[in-house]
K.L.:
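Structure in structure tokens, see below.
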Amino acid sequence: MSVLFSKGGDILSIIESDRLTQIRTGSLSVLASDYAMGSYGTVGIIGLGKQGLAQVEAFHELRPGITINVFTRSQDRLNSAMNFFQRRGIKVRPVDMKTLCKESETIVTITRAKDPFLKLDYLNKGSHVNAMGSNIPEKSELYPEVVKNSAAIVVEDFEMALEEAGDLVLAKKMGMLDESKFMALSSLITGKIRIRREEGNVTLFKSVGIGLEDVAVMSALYEEAKRRGNCLELEVTGKWHRE
């Protein structure tokens with residue numbers, strides 16, 4: 001469980017952490033795509049585990065009318081996911097991975113893969129990639145050539161990205177990471193920097209997830225629950241304080 005505190009240390013809300021992570025990661029993927037791409041009408045989601053399902057939910061809810069292509073290596077997982085989407089009225093288009101990449105402007109990788117699978121040759125010129133799956137140095141979804149040929153590499157935190165993002169760790173080991181291409185997501189959102197979408201540029205958002213994002217989403221969920229009036233109010237004793 002994740003706990004949100006007031007500035008004074010009082011408990012405001014208790015939120016189930018797994019679902020919180022799904023909401024945070026899905027919302028973050030849409031946010032990064034919006035600021036990196038501006039206008040786009042197609043997205044491809046590679047990976048249909050719990051996090052992949054949440055990615056589809058997020059793009060469906062936050063980008064109404066968008067075409068959503070999906071791919072997973074497991075037929076059983078695909079069947080389960082399609083039932084999930086049908087129950088929620090979400091339209092998706094199952095395709096193979098190469099077709100997904102060629103027919104999607106934004107591509108999201110959200111898998112548990114230990115070894116790279118997304119090649120530069122799969123991508124169209126001008127594509128944007130949200131690499132959301134790897135958050136430890138030993139895991140990577142992207143071949144280093146994707147990192148090398150990205151005109152902009154957006155990250156949440158420079159030091160954390162270099163320590164935890166397996167895709168970037170691998171590219172650096174191969175001498176294929178240009179750190180001058182790094183951009184902070186926060187600076188992109190506030191308008192301090194902008195991505196130049198010149199013809200043919202591939203852009204990359206490499207996420208590892210940071211605690212401040214969880215706090216921001218928890219705060220938003222808390223305010224929305226209060227607005228809707230559909231939350232359960234409990235009296236919880238105890239107060240957070242610094243030792």
Side-chain angles (χ1 to χ4, degrees), residues 2 16-33 43-60 68-85 90 92-101 104 106-123 127-147 150 153-157 160-174 177 185 204-211 213-214 217:
S2 297
E16 201 280 319
S17 298
D18 194 39
R19 184 56 176 160
L20 171 65
T21 302
Q22 292 172 17
I23 294 171
R24 179 208 71 195
T25 308
S27 302
L28 187 64
S29 188
V30 177
L31 186 69
S33 300
V43 63
I45 313 294
I46 300 175
L48 290 176
K50 288 190 293 185
Q51 291 291 342
L53 298 180
Q55 291 285 319
V56 173
E57 286 183 295
F59 279 96
H60 171 74
I68 303 175
N69 299 315
V70 298
F71 169 77
T72 178
R73 297 184 187 276
S74 168
Q75 186 61 48
D76 288 341
R77 180 161 288 177
L78 177 61
N79 293 339
S80 176
M82 293 304 292
N83 289 332
F84 176 89
F85 298 141
I90 301 174
V92 299
R93 180 171 171 256
V95 292
D96 62 82
M97 186 162 62
K98 289 185 179 180
T99 300
L100 180 147
C101 292
S104 303
T106 291
I107 296 157
V108 180
T109 59
I110 186 79
T111 73
R112 294 183 177 180
K114 295 182 179 179
D115 300 314
F117 59 82
L118 188 67
K119 298 181 178 181
L120 182 65
D121 291 345
Y122 294 171
L123 305 176
S127 296
H128 173 71
V129 178
N130 291 330
M132 312 295 286
S134 167
N135 59 357
I136 59 173
E138 295 76 21
K139 293 170 59 178
S140 178
E141 299 177 306
L142 313 179
Y143 277 90
E145 59 189 5
V146 176
V147 178
S150 294
I153 303 172
V154 181
V155 297
E156 293 123 326
D157 179 89
M160 285 181 63
L162 289 171
E163 290 178 4
E164 299 179 11
D167 304 285
L168 303 184
V169 171
L170 178 60
K172 188 170 184 177
K173 285 181 179 179
M174 300 290 289
L177 176 64
L185 178 63
L204 169 64
F205 170 50
K206 176 55 221 170
S207 175
V208 294
I210 60 176
E213 293 165 350
D214 284 332
V217 173

K.L.:
Can a donor-acceptor pair be found between the side chains of Ser2 and Ser17 at a distance below 3.5 Å?
P.N.:
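Ser2 vs Ser17: donor-acceptor pair found between side chains.
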K.L.:
Is the side chain of Lys206 donor-acceptor paired with the backbone N or O of Ser134 at a distance under 3.5 Å, no angle test?
P.N.:
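Confirmed, Lys206 side chain pairs with Ser134 backbone.
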K.L.:
Do Leu142 and Val129 make a side-chain contact, defined as non-hydrogen atoms from C-beta onward lying under 4.5 Å apart?
P.N.:
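A side-chain contact exists here, since the closest heavy-atom pair is under 4.5 Å.
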K.L.:
With a 4.5 Å cut-off on side-chain heavy atoms, are Leu28 and Glu156 touching?
P.N.:
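Sidechains of Leu28 and Glu156: in contact.
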K.L.:
Between Val154 and Leu204, is the side chain to side chain contact (heavy atoms under 4.5 Å, CB included) condition met? List the steps.
P.N.:
CA-CA 6 Å; Val154 181; Leu204 169 64; over 6 Å; no
K.L.:
Would you check if Ile46 and Ile110 make a side-chain contact, meaning some heavy-atom pair closer than 4.5 Å?
P.N.:
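In short, these two side chains do not touch, never coming nearer than 4.5 Å.
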K.L.:
We want to know whether Ser29 and Gln55 form a side-chain donor-acceptor pair, criterion being a heavy-atom distance below 3.5 angstrom.
P.N.:
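Indeed, the side chains of Ser29 and Gln55 share at least one donor-acceptor pair under 3.5 Å.
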K.L.:
Do you know which two heavy atoms are closest between Phe59 and Val108, and how far apart they sit?
P.N.:
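Looking at all heavy atoms of both residues, the closest pair is CE1-CG2, 4.0 Å.
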K.L.:
Side chains of Thr21 and Asp18 only: does a donor on one sit below 3.5 Å from an acceptor on the other?
P.N.:
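The answer is no; no qualifying pair exists.
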K.L.:
So is Lys119 actually on top of Tyr143's ring, under 6.0 Å and inside 45° of the axis?
P.N.:
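Relative to the ring axis of Tyr143, which defines the angle, Lys119 lies inside both limits.
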K.L.:
Would you say the side chain of Thr99 lies within less than 4.5 Å of the side chain of Tyr122, judging by non-hydrogen atoms?
P.N.:
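A side-chain contact is absent here, since even the closest heavy-atom pair is not under 4.5 Å.
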K.L.:
Using only atom types and a distance under 3.5 Å, with no angle test, would you say the side chain of Glu213 pairs donor to acceptor with the backbone of Ile210?
P.N.:
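Indeed, once roles are kept as given, a pair shorter than 3.5 Å links the two residues.
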K.L.:
Do Arg19 and Glu57 sit within salt-bridge range, that is, some charged N less than 4.0 Å from a carboxylate O?
P.N.:
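Between Glu57 and Arg19 there is a salt bridge, with a charged N closer than 4.0 Å to a carboxylate O.
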K.L.:
Return yes if some donor-acceptor pair links the side-chain N/O of Gln22 with the main-chain N/O of Gln51 below 3.5 Å, else return no.
P.N.:
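Answer holds: no.
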K.L.:
Looking at every non-hydrogen atom in both residues, tell me the closest pair between Ser127 and Ser104 and how far apart they are.
P.N.:
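Closest approach of Ser127 to Ser104, heavy atoms only: OG-O, 4.3 Å.
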K.L.:
So, taking the atom named CZ in Phe205 and the one named CG in Leu31, what distance separates them when rounded to the nearest 0.5 Å?
P.N.:
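Separation between the atoms: 8.0 Å.
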K.L.:
Taking everything shown except Met160 itself, do over 12 heavy atoms lie less than 6.0 Å from its CE?
P.N.:
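Check passes, neighbour count above 12.
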K.L.:
Strictly distance-based, threshold 3.5 Å: is any side-chain N or O of Ser80 a donor or acceptor partner for the main-chain N or O of Asp76?
P.N.:
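Absent.
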K.L.:
Closest heavy-atom contact between Leu48 and Ala81?
P.N.:
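For Leu48 versus Ala81, the nearest heavy atoms are CD1-CB, 3.9 Å.
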K.L.:
I need the minimum non-hydrogen distance between Asn69 and Val95, along with the two atoms involved.
P.N.:
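In terms of heavy atoms, the two residues are closest at CB-CG2, 4.1 Å.
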K.L.:
When you compare the side chain of Ile153 with that of Leu177, does any pair of heavy atoms fall below 4.5 Å?
P.N.:
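Yes; the side chains approach each other to less than 4.5 Å.
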K.L.:
Is Arg93 close to Phe71 at the side-chain level, that is, under 4.5 Å between some pair of heavy atoms?
P.N.:
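Not touching, per the 4.5 Å side-chain cut-off.
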K.L.:
Show your reasoning for whether side chain to side chain contact (heavy atoms under 4.5 Å, CB included) applies to Asn79 and Gln75.
P.N.:
CA-CA 6 Å; Asn79 293 339; Gln75 186 61 48; 3.0 Å; yes
K.L.:
For a side chain to side chain contact (heavy atoms under 4.5 Å, CB included) check, start with the C-alpha distance between Asp157 and Val208, then their side-chain angles and the critical distance, and finish with the verdict.
P.N.:
CA-CA 9 Å; Asp157 179 89; Val208 294; over 6 Å; no
K.L.:
Kindly compute the distance separating CG (Leu53) from OG1 (Thr72), expressed to the nearest 0.5 Å.
P.N.:
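Reported value, rounded in 0.5 Å steps: 9.5 Å.
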K.L.:
Looking at Ser140, is its backbone amide N or carbonyl O close enough to the side chain of Asp167 to form a donor-acceptor pair, meaning the two atoms are under 3.5 Å apart?
P.N.:
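No.
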K.L.:
Any side-chain heavy atom of Leu78 sitting closer than 4.5 Å to one from Pro94?
P.N.:
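The answer is yes; the side chains approach within 4.5 Å.
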K.L.:
Determine the minimum heavy-atom distance between Ala171 and Pro144, stating which atoms define it.
P.N.:
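Scanning both residues, the minimum pair turns out to be CA-CB, 4.0 Å.
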K.L.:
Could you check Thr109, Asp121, Leu123 and say which one makes a side-chain contact (heavy atoms from CB on, under 4.5 Å) with Val146?
P.N.:
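Answer after filtering Thr109, Asp121, Leu123: Leu123.
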K.L.:
Test your reading of the model: is there a side-chain donor-acceptor pair from Glu164 to the backbone of Ile136, 3.5 Å cut-off?
P.N.:
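Not confirmed, Glu164 side chain does not pair with Ile136 backbone.
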K.L.:
Between Glu141 and Ala113, is there a donor-acceptor pair closer than 3.5 Å when you use the side chain of the first and the backbone of the second?
P.N.:
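No.
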K.L.:
Does Leu20 reach the side chain of Val217, with side-chain heavy atoms less than 4.5 Å apart?
P.N.:
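A side-chain contact exists here, since the closest heavy-atom pair is under 4.5 Å.
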K.L.:
Going by atom types alone, do Asn130 and Ser33 pair a side-chain donor with an acceptor below 3.5 Å?
P.N.:
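Yes, Ser33 and Asn130 have a side-chain donor paired with an acceptor closer than 3.5 Å.
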